Each structure stands twice: as structure tokens, then as C-alpha cells.
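Here the structure comes first, spelled out in C-alpha cells, and everything after it is commentary.
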Amino acid sequence: MFYKTIISFVIIFFSTSISFSNDTTFNGKFVQGGIVIGQNKSAKKIFFDDNRLQISKDGYFIFGFGRNHKASSTLKIIKDSNDDVIKYNFDIEKTIYKIEKINGLPNKMVTPGPEFYKKITEDRALIKKSMNKKYIGDKFPLTFIKPTEGRISGIYGSQRILNGIKKNPHGGLDIAAPEGTPIKATSDGKVMLAAKGLYYTGNIVIIDHGYGLKSMYIHMKDININNGDLVKQGQIIGTVGSTGRSTGPHLHWNIYWNKIRVNPEMLLTISK
Ligand SMILES: [Zn+2]
């Protein structure tokens with residue numbers, strides 16, 4: 001991680017003529033699926049490419065890179081006066097994703113029947129509505145914990161080909177654990193959705209941690225919290241299940257930055 005930061009500074013140094021400053025710190029990996037926490041105590045406005053970032057009172061901010069993020073990105077920090085601008089150009093390392101081919105699945109497991117279309121459309125709308133809501137906490141989410149203990153049974157980004165049909169890439173981390181294993185909130189936040197019986201996701205919880213960051217917990221058995229609740233890091237929000245489109249008890253855990261799925265494992269590494 002420290003190595004990565006050095007690399008980035010070197011790139012900045014050679015690729016921009018705009019004022020170079022080392023009063024910004026970065027914690028995280030500049031790689032597809034990666035997520036980075038930055039801090040600049042005198043930042044007034046920050047833009048990551050075209051996104052304006054929310055800044056905490058201590059100058060913390062978060063940005064991330066999607067599965068297929070372009071090769072480079074720009075971070076612009078505007079300080080007290082508008083002509084005091086720092087610009088960082090980052091190279092984003094490419095990730096090679098795993099391809100998983102599974103054949104011989106019953107067709108109804110691969111493509112839902114038309115009788116489910118209405119339900120699937122309603123579920124999507126419900127998730128979208130919750131994802132569009134924004135919560136601004138007063139505390140910056142600096143640390144993150146693994147929501148449950150178990151065997152990693154699916155990783156971020158892998159391309160699944162089921163019965164020869166190319167499906168959406170796997171967007172989260174699968175943690176297989178016995179049904180009923182407690183699931184904890186990865187960090188403090190507000191519950192944006194706690195709903196049961198969705199076609200694909202089954203019982204689902206979405207927590208907004210502020211600063212563009214949301215966590216999603218899928219295929220749960222029990223849900224212990226309600227829409228609108230404020231939760232603390234480590235608080236038990238429910239248990240592992242196999243609800244929705246799932247082949248066995250596991251937690252599917254997603255992390256979103258500005259509605260872009262990033263790699264949950266990257267989030268855990270920045271907490272160290
Ligand atoms: Zn999964």
C-alpha cells in the first residue's frame with residue numbers, strides 16, 4: 001500500500017506541471033476494483049474525475065475504481081483560494097478477472113421464467129430508490145470489518161458463464177457460513193433498505209456510510225434492524241441465509257462507491 005502511494009507520487013511528479021504537494025495522504029490501492037481514503041486538511045472542494053467528493057471536517061474523502069476503470073484518473077483538490085489547486089494524475093492498475101464456467105444447471109436457475117419479470121422489475125426499483133438516497137454522517141467511516149466469518153466462496157469481478165450464457169460479472173464477495181451465523185455492519189451508518197423476499201437477493205440490507213460509500217448484504221435469513229436505523233460498526237444486523245437466488249447459505253457482500261461496485265476485500269485492506 002505504501003509502495004503504491006510512492007508509485008503514484010512518482011507518476012504525478014513526471015506527468016503534471018501543476019503544483020506538487022505532499023500534504024495529501026492516500027490509503028488504498030490504485031487498481032481496478034480498488035478503493036482509496038484520502039486526507040487533505042486544507043481541502044475546500046475535491047473532484048475525482050467529474051465527481052465532487054464529500055469532505056469530512058478532518059479533510060477525509062473516499063474514491064474508488066470500478067471493475068473496468070479506465071487506465072488513469074484525475075483528482076483535483078481546491079484549497080482555500082481558488083487558484084491554489086493540486087492536481088494528481090493516477091495510473092489505475094488493470095486486474096485480470098477469473099472466468100467461471102458452470103454447465104448443466106437447470107435452465108430456470110440461469111434464466112428466470114416470465115412469471116417473475118414483474119417481481120424482478122419491482123425489486124430493482126426498490127433497490128435503485130434506496131441506492132439513490134444519501135446519508136451524511138458526522139463521523140467519517142475510517143475503519144471497516146468483515147461482516148461475517150466463513151469460507152470465501154466467490155470473489156469480486158469474476159465473469160460467470162452459466163450453461164454457455166455470459167452473465168453479469170460477480171460484483172461482490174461471497175462468504176459461505178452456516179445458516180444463522182451473525183452478520184455485522186462493516187462500519188457505522190444508516191439503514192437505507194431492510195427488505196425481505198426479493199427474487200434475486202432474497203432478504204437484503206443496504207447501509208449508507210456517507211461519503212458516497214454503501215454496503216449491501218444479500219441472501220440473509222433474519223434481519224434484525226429496520227429501515228432508517230442508525231447502526232454501529234460490529235452491530236449484528238441479521239444472519240446468514242440462502243434466500244433469493246442462492247445455492248447454499250452464504251453472505252453475498254457488495255460495496256458501492258458512488259453506485260459503482262468496488263472490491264469489498266480492498267475495503268478491508270485499507271483499514272489496516
Ligand atoms: Zn455472490
Side-chain angles (χ1 to χ4, degrees), residues 32-35 64-68 95-112 116 119-120 123-124 126-128 130-131 144-187 192-207 213-223 237-257 259-269:
Q32 287 178 336
I35 188 145
F65 321 107
R67 185 182 185 272
N68 301 309
T95 303
I96 309 294
Y97 299 103
K98 216 168 88 177
I99 295 173
E100 293 176 330
K101 285 184 186 167
I102 307 170
N103 289 313
L105 288 169
N107 261 338
K108 65 175 195 333
M109 286 298 290
V110 180
T111 313
F116 299 112
K119 169 71 177 151
I120 291 167
D123 292 351
R124 278 210 183 111
L126 181 68
I127 292 174
K128 196 175 167 190
S130 314
M131 290 299 290
F144 302 90
I145 59 164
K146 206 169 162 191
T148 195
E149 286 310 318
R151 179 179 60 87
I152 303 301
S153 56
I155 57 167
Y156 172 88
S158 46
Q159 177 69 63
R160 283 177 174 174
I161 301 169
L162 308 179
N163 291 358
I165 302 167
K166 201 169 165 183
K167 306 305 274 186
N168 289 334
H170 190 240
L173 183 71
D174 289 332
I175 307 170
E179 197 168 279
T181 306
I183 297 172
K184 298 167 183 167
T186 186
S187 202
M192 293 313 208
L193 181 67
K196 289 191 166 181
L198 281 73
Y199 180 81
Y200 279 111
T201 64
N203 301 345
I204 173 174
V205 168
I206 299 174
I207 300 175
L213 200 76
K214 286 185 172 75
S215 57
M216 190 188 275
Y217 309 79
I218 288 173
H219 307 308
M220 294 169 72
K221 181 175 182 267
D222 308 300
I223 295 179
I237 58 169
T239 60
V240 172
S242 190
T243 56
R245 183 61 69 89
S246 164
T247 49
H250 74 287
L251 170 68
H252 173 108
W253 184 37
N254 279 336
I255 297 295
Y256 291 84
W257 174 78
K259 296 183 208 165
I260 299 163
R261 286 191 190 103
V262 294
N263 187 347
E265 289 184 286
M266 297 277 176
L267 193 69
L268 299 175
T269 62

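Remember, it's 1-based here, ligands and their atoms both numbered in the order they're listed. Please read all numbers here as calculations on a predicted model, not as lab measurements.
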task = State whether Arg160 and Asp174 are salt-bridged, where the test is any N-O pair (Lys NZ or Arg NE/NH1/NH2 against Asp/Glu carboxylate O) under 4.0 Å.
result = yes

Checking only N/O/S atoms, does His250 have one that is under 2.8 Å from the Zn ion (ligand 1)?
no

Residues pairing under side-chain hydrogen bond (donor to acceptor under 3.5 Å, both in side chains) where one sits in residues 144-158, two or more places apart or in two chains, turn out to be none

The atom of Asp174 among N, O or S that is nearest the Zn ion (ligand 1) is OD1

Does any part of the side chain of Met216, heavy atoms only, come nearer than 4.5 Å to the side chain of Ile204, both counted from C-beta? yes

With sequence neighbours left out, the residues meeting side-chain hydrogen bond (donor to acceptor under 3.5 Å, both in side chains) with Tyr199 are Arg245

Open item on the list: Report whether any nitrogen, oxygen or sulfur of His252 sits less than 2.8 Å from the Zn ion (ligand 1) (N, O or S, backbone or side chain).
Closed with: yes

